[in-house]
Amino acid sequence: MKKKQVVVVKRDGCNTSSSALRNIRYGECQKNHAANSGGYAVDGCREFMASAEEGTSGALMCAACGCHRNFHKREVQIAN
C-alpha cells in the first residue's frame with residue numbers, strides 16, 4: 001500500500017528546461033466531521049493514501065479515511 005501521494009507538475013505550463021518542478025504531498029486530513037452539529041472533530045488520518053491507481057476516479061479518494069483528496073493538507077515542495 002502506498003504511504004504518500006506525490007505529483008510532479010511543471011510550473012506555468014512551460015516546456016523549457018528552466019521551469020521549476022514542484023512535488024506536491026498531501027498530509028493530514030482536515031475534514032470537520034462535526035460541522036453539522038456545530039462542533040469541530042477531525043478523524044486523525046495522518047496522510048493521504050490513494051485508494052486506486054493514478055488516472056482513475058479512485059485516485060482522488062483516501063484509502064485510510066474515505067474522504068476526497070481536497071480535505072487533506074497540501075504541501076508543496078519546490079525543486080529546482
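All of these numbers come straight from a predicted model, not from anything done at the bench.
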### Asn23 side-chain N/O to Gln77 backbone N/O, donor-acceptor pair under 3.5 Å
no
### Partner residues of Ala64 under the side chain to side chain contact (heavy atoms under 4.5 Å, CB included) criterion, sequence neighbours left out
Cys45, Met49, Cys62
#### Entry: With Gln30 via side-chain hydrogen bond (donor to acceptor under 3.5 Å, both in side chains) - residues at least two apart
none
### From Lys31 atom NZ to Asp43 atom CG, the distance as rounded to the nearest 0.5 Å
8.5 Å
### Query
Are Tyr26 and Ile78 connected in the hydrophobic side-chain network, where two residues link if heavy atoms are under 4.5 Å apart?
yes
### Residues which pass salt bridge (Lys or Arg N to Asp or Glu O under 4.0 Å) with Glu75, listed by chain and number, not counting sequence neighbours
Arg25
### Summary
Here the pair of heavy atoms bringing Ala52 nearest to Thr56 is CB-OG1, 3.4 Å
### Message
Let me confirm one number: the CZ-CZ distance from Arg69 to Phe48, rounded to the nearest 0.5 Å.
### Response
6.0 Å
#### Entry: Between SG on residue Cys29 and CD on residue Glu47, distance to nearest 0.5 Å
12.5 Å
### Message
Give me the atom names and distance for the closest heavy-atom approach of Cys67 to Cys65.
### Response
SG-SG, 3.1 Å
### Message
Can you tell me how far apart CE (Met61) and NE2 (His68) are? Round to the nearest 0.5 Å.
### Response
6.5 Å
